[in-house]
Amino acid sequence: MNKHATWFKRAVWLGIIADWVLTIPVIIAPEKVLDLLGLRATHDPVWTAFAALLVLILSLFYIPGANKPYRYRLNAWFAVFARPPGVIFFLVLYPGLYPAFGLLD
């Protein structure tokens, strides 16, 4: 594997782990995690936990492309193109509400 693929693997895995570190606690205790992060509470913690579950599931699809980007080229491209919509959503469409999520992406 060349050095670019190695760095790609590291960067994608860093994103995957960051997703897991955030989403797993949110799935279990959404209100407590939002409070701990200093973010405003949501009206329905079930939907917050479900959104975190969807992010967790999405991050699982990044794994093949991260480990073998040449073999799973489409997964590798999706791992790259799935991040900017989160940035746009949290920093452009809804600025100031949950900026940490946009910055994480």
Please tell me if the side chains of I63 and Y72 come closer than 4.5 Å, counting only heavy atoms from C-beta onward. no
Would you indicate whether the side-chain heavy atoms of F8 and N2 approach each other to under 4.5 Å? no
Single-linkage hydrophobic cluster F50~V26, side-chain heavy atoms < 4.5 angstrom: no
For atom CZ of F78, is the number of surrounding heavy atoms from other residues, nucleotides or ligands below 6.0 Å larger than 12? no
Could you tell me if the side chain of L34 sits less than 4.5 Å from the side chain of R40, heavy atoms only? no
Find out whether L58 and L54 are in side-chain contact, i.e. whether some heavy atom of one side chain is under 4.5 Å from a heavy atom of the other. no
On a heavy-atom basis, which atom in P45 and which in P30 lie closest, and how many Å separate them? O-CG, 3.4 Å
How many angstroms lie between atom CG of L14 and atom NZ of K9, to the nearest 0.5 angstrom? 14.0 Å
Is there a continuous path of hydrophobic side-chain contacts, each under 4.5 Å between heavy atoms, that joins L60 to I16? yes
Can a cation-pi geometry be assigned to R10 and W7, taking NZ or CZ under 6.0 Å from the six-membered ring centre and within 45° of the ring axis? yes
Hey, any chance V12 and F61 share a hydrophobic cluster, counting ILVMFWY side chains that come within less than 4.5 Å of each other, even indirectly? yes
For L91 and P99, the nearest pair of non-hydrogen atoms, with its separation, is CD2-O, 3.8 Å
Is it the case that one hydrophobic cluster holds both V87 and L39, taking links as side-chain heavy atoms less than 4.5 Å apart, direct or via other members? no
Point-to-point distance, once rounded to the nearest 0.5 Å, from CG of L97 to CZ of F89: 9.0 Å
Does any part of the side chain of Y98, heavy atoms only, come nearer than 4.5 Å to the side chain of L104, both counted from C-beta? no
Nearest-0.5 Å distance, CG of residue N75 to NZ of residue K68: 12.5 Å
Heavy atoms only: give me the nearest I27-A52 pair and the separation to one decimal. CG1-CB, 3.8 Å
Please tell me whether L56 and Y62 are part of a single hydrophobic cluster in this structure, the criterion being side-chain heavy atoms less than 4.5 Å apart. yes
Parallel, tilted or perpendicular: rings of F101 and F90 (30°, 60°): perpendicular
